[in-house]
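Below is one structure, written out as structure tokens, with a few remarks after it.
We use all heavy atoms of the structure for the numbers below, so side chains are in, but hydrogens, waters and symmetry mates are not. Convention: sequence-line order gives letters A, B, ...; per-chain numbering from 1.
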Number of protein chains: 2
Amino acid sequence: MPADPTTVTRRRDAQRNRQRLLDVADQAFRKHGVQASLDEVARRAGVGIGTLYRHFPTREALIEALVAADLERVAALADGLAGDTLAGIDGWLAELADHSVTYRGLAEALVTATATSSALGDACTRLHDAGRELVRRAQRHGVVRDDADPSDAVDLASSIAWLTERDADTERRQRLLRAAVDGLRTTGTDELHARDQS
Amino acid sequence: MPADPTTVTRRRDAQRNRQRLLDVADQAFRKHGVQASLDEVARRAGVGIGTLYRHFPTREALIEALVAADLERVAALADGLAGDTLAGIDGWLAELADHSVTYRGLAEALVTATATSSALGDACTRLHDAGRELVRRAQRHGVVRDDADPSDAVDLASSIAWLTERDADTERRQRLLRAAVDGLRTTGTDELHARDQS
DNA sequence: ACCTGAACACCGTTCAAGT
DNA sequence: ACCTGAACACCGTTCAAGT
């Protein structure tokens, strides 16, 4: 799945080590967040720490390998939405926020990677682009107000995911998302915008 | 300014060391965020690392000493607001967010400390209480909708502060806050709430 | 081509010795 | 009463040696 075919791991043992590291890292990240000890990940995977670094030169590379497919899946979900209902936007942002909460610290890693030239950065850009396009379609449908910035939706979802990543249940996350999306929708009465001039 | 008078530092040199550590830590936190090296803080303050730990047993205690007065100031601002306009809520949350951005990592430190029994935790509780009361007054004025959770306002401000703490200008922060607050206000037309049942 | 783990670097924290 | 800094612990990262 690497972008560059020349970097593909060929040897069977290397492939197995790589997969083991991913499996163990996933468990460790779920348990301790993305700041889990890489030393312990290597140890539990039964490989030397050098092998971990050979496969994943940075912690970010390891995170990317674990979440890239899921990020692409969420981005593709946005592509498939017409943007004709606010509930659609809301549902998609909830999906995004739920994913960003897979590991503690993931939301931060995604925000940090955004706009960098790494593989994870590219995945984030893909996601943000899909989110912006969705908002633009919603604006054309008159569902989201025209003066909203297309980036706001994903930004708010990222923020809320970060705040609520420690929460056991998803109640608060959903309520906050609902409020945030509500703030982007087209208002029914124009006088409510009067305070824009204040 | 410590709560317990028995813990007051008496000796002149100790008082001066304490103040120096605070001054240097403030500079270091502004430059490198709250994760700045404490070793370097002690070194620049001209004291041993043990002295730093004697005055501030944890990093959180150091942060608390630096921001407690400002947190109290922001909380008191909320106490003084009637909650009769959405612009008042918006302005207060902007003040809160701007403060939370004093140091990189401060927003996270505040969220982490909230609901713990530390001095910083108490300061956060005081802030949250003030924020919740402000929202409740706004609800009584019909400015904020009744089904909003009083905690949502401060939560959203904290989230947005975290997301935008790396931003040079405050434009994005203000726009996101505006959208978030908009989602809490009483809507003009009831049919806009129809999707609540979806 | 890949793996190993010792070695290095860095940082936070404690505590025995000192003034 | 307070300060000092060596000592300890822990972790991330590199790289020479090995298969």
Is there a Watson-Crick or G-U wobble partner for [N] with both distances under 3.5 Å, and if so, which one is it?
| N | answer |
| --- | --- |
| C/dC3 | none |
| C/dA17 | none |
| C/dG12 | D/dC8 |

Given atom [atom1] of [X] and atom [atom2] of [N], what is their separation to the nearest angstrom?
| X | N | atom1 | atom2 | answer |
| --- | --- | --- | --- | --- |
| B/Arg16 | D/dC2 | CZ | C1' | 13 Å |
| B/Leu52 | C/dG12 | CG | P | 10 Å |
| B/Ile49 | D/dA7 | CD1 | C1' | 14 Å |
| B/Arg18 | D/dC3 | CZ | P | 11 Å |
| B/Phe56 | C/dT14 | CZ | P | 16 Å |
| B/Leu62 | C/dC11 | CG | C1' | 16 Å |
| A/Asn17 | C/dG5 | CG | P | 12 Å |
| B/Leu21 | D/dC2 | CG | P | 14 Å |

Output the single nucleotide from [options] whose closest atom is nearest the side chain of [X].
| X | options | value |
| --- | --- | --- |
| B/His55 | C/dA6, D/dC3, C/dG12 | D/dC3 |
| A/Ala14 | C/dT14, C/dC2, D/dC2 | C/dC2 |
| A/Asp39 | C/dT13, D/dG12, C/dA6 | D/dG12 |
| A/Arg59 | D/dT4, C/dG12, D/dG12 | D/dG12 |

Exercise. With DNA chain D as reference, determine whether A/Thr51 or A/Ala36 sits nearer its 5' end, using the nearest nucleotide of each.
Key: A/Ala36
Quiz item: Between B/Gly48 and A/Tyr53, who's closer to the 5' end of DNA chain D by nearest nucleotide?
Solution: B/Gly48
Exercise. Report yes if some heavy atom in the side chain of B/Glu95 is under 4.5 Å from a heavy atom in the side chain of B/Leu77; otherwise report no.
Key: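 Counting from C-beta outward, B/Glu95 and B/Leu77 do come under 4.5 Å.
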Quiz item: Would you call A/Leu110 and A/Trp162 a side-chain contact if the rule is heavy atoms closer than 4.5 Å?
Solution: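 Heavy-atom side-chain distance check fails, nothing below 4.5 Å.
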Exercise. May I ask you to decide if the ring planes of A/Tyr103 and A/Phe29 are parallel, tilted or perpendicular, using 30° and 60° as cut-offs?
Key: perpendicular
Self-check item: 5'-most by nearest nucleotide on DNA chain C - B/Pro57 or A/Val47
Solution: A/Val47
Practice problem: Give B/Ser37 one of three labels, base, sugar-phosphate or nothing, depending on what nucleic acid heavy atoms sit under 4.0 Å from its own. | Solution: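 Answer is sugar-phosphate: B/Ser37 comes under 4.0 Å of backbone atoms only.
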Quiz prompt | Heavy atoms of other groups near A/Arg126 CZ, more than 12 under 6.0 Å | solution = yes
Practice problem: Find the distance between CD (B/Glu64) and CG (B/Asp122) and round it off to the nearest 0.5 Å. | Solution: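 One finds 8.5 Å between CD of B/Glu64 and CG of B/Asp122.
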